[in-house]
Amino acid sequence: MLMNKPEPRIIIAVDGFSSCGKSTMAKALARNIGYIYIDSGAMYRAVTLYCLDHGLIDGDTVDTDTLRSLMDDIQIDFRPDSETGMTHTFLNGIDVEREIRSMRVSDKVSPVSVIPFVRTAMVAAQQKMGERKGIVMDGRDIGTTVFPHAELKIFVTASAETRAQRRVDELRAKGVDVDFDEVVANINKRDHIDQTRKESPLRKADDAIELDNSHMTIAEQDAWLMTRYRETVDKLR
Ligand code: DC
């Protein structure tokens, strides 16, 4: 009798520009297929919070000598929240999920995430998390640097205007009023920094599948990603 071979467990890398819905789709896919989801941006945000809490940032300048000597003191992990079951980021045993999304951290994460020894440490930790496969990770350099051999790589884009509108809607829903043009300018600036930085610039891996979700609903993009996943594992069987 022919036995069905077990479904192969793979690595799924989701890279792309900021605010284009990467984490929403990556999280939904991981939940649907029973994979671990890792938000690599949260790790750079956690290191940034650590730097702020230890007085290592002055303006846009990071005290790299002190940070280097403290790197072994920074432990980042992800655990499910006991009430909601949602994954939260922990820094040295403390839940920092809310704090790492604050403007205080968002403002300083760019200078921290370009420091070579910070990237080396984060990439090593991310590769360790992927050792047993069965993982969906989103970020900027997952398909190029962290998992260059990932079985499925997605590169997500959307127009700056679409992304700005989503961001404005999100903030207004939270009662925060923002100027649309200012948000577009901020997104364009972040794109420029992400694409032109020397350390691991954002770029599409040659074998990544591009998704422009400017005119897609969340349900449509989730279905699109599930189809790419199915195609990939079916080919590996
Ligand atoms: O996706 P995000 O906005 O939470 O990312 C926060 C910052 O970290 C952003 O400035 C880009 C950077 N980042 C990175 O350099 N490499 C990654 N793999 C993920 C994020």
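Counting convention: from 1, in listed order, for ligands and their atoms alike. The analysis underlying the following values was restricted to heavy atoms, covering all of them including side chains, and did not include hydrogens, waters or symmetry mates.
- Note: an N/O pair closer than 3.5 Å links Ser40 and ligand 1 by distance alone.
- Listed by number with element, the atoms of ligand 1 under 4.0 Å from a non-hydrogen atom of Tyr44 are 8 (O), 13 (N), 14 (C), 16 (N), 17 (C), 18 (N), 19 (C), 20 (C).
- Considering both main-chain and side-chain atoms, Arg45 comes within under 3.5 Å of ligand 1 through a nitrogen or oxygen pair.
- Counting non-hydrogen atoms of neighbouring residues, nucleotides and ligands closer than 6.0 angstrom, the CG atom of Leu236 exceeds 12 such neighbours.
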Does the side chain to side chain contact (heavy atoms under 4.5 Å, CB included) test come out yes or no for Leu70 and Tyr50, once each step is laid out?
-> CA-CA 10 Å; Leu70 291 170; Tyr50 181 94; 3.6 Å; yes
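- Close approach to Gly41 involves these atoms of ligand 1, each under 4.0 Å from a residue heavy atom: 4 (O), 5 (O), 19 (C), 20 (C).
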Given Thr48 and Arg104, is the side chain to side chain contact (heavy atoms under 4.5 Å, CB included) satisfied, shown in steps?
-> CA-CA 9 Å; Thr48 306; Arg104 182 168 89 101; over 6 Å; no
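- Note on ligand 1: Arg119 sits in its first shell, one or more heavy atoms being nearer than 4.0 Å.
- Checked against Lys153 for a side-chain hydrogen bond (donor to acceptor under 3.5 Å, both in side chains), the options Asp15, Thr144, Asp206, Asp207 give a single hit: Asp207.
- Comparing Asp39, Val105, Val109, Asp138 against atom 10 (O) of ligand 1, the shortest heavy-atom distance belongs to Val109.
- Geometric assessment of Arg190 against the ring of Phe17 yields a negative cation-pi assignment under the 6.0 Å and 45° thresholds.
- Counting non-hydrogen atoms of other residues, nucleotides and ligands closer than 6.0 Å to CG of Asp179 gives a total above 12.
- Note: an N/O pair closer than 3.5 Å links Asp141 and ligand 1 by distance alone.
- From the protein, the heavy atom lying nearest to atom 12 (C) of ligand 1 is Ser113 OG, 3.8 Å.
- Remark: the backbone N or O of Ala28 is not paired with any side-chain donor or acceptor of Tyr37 at under 3.5 angstrom.
- Heavy-atom neighbours of Asp72 CG from other residues, nucleotides or ligands within 6.0 Å: at or below the threshold of 12.
- Among the atoms of Ser18, none of the N or O lies under 3.5 angstrom from an N or O of ligand 1.
- Heavy-atom proximity to Arg197, at under 4.0 Å, picks out these atoms of ligand 1: 14 (C), 15 (O), 16 (N).
- Comparing Arg140, Lys22, Lys108, Arg190 against atom 13 (N) of ligand 1, the shortest heavy-atom distance belongs to Arg140.
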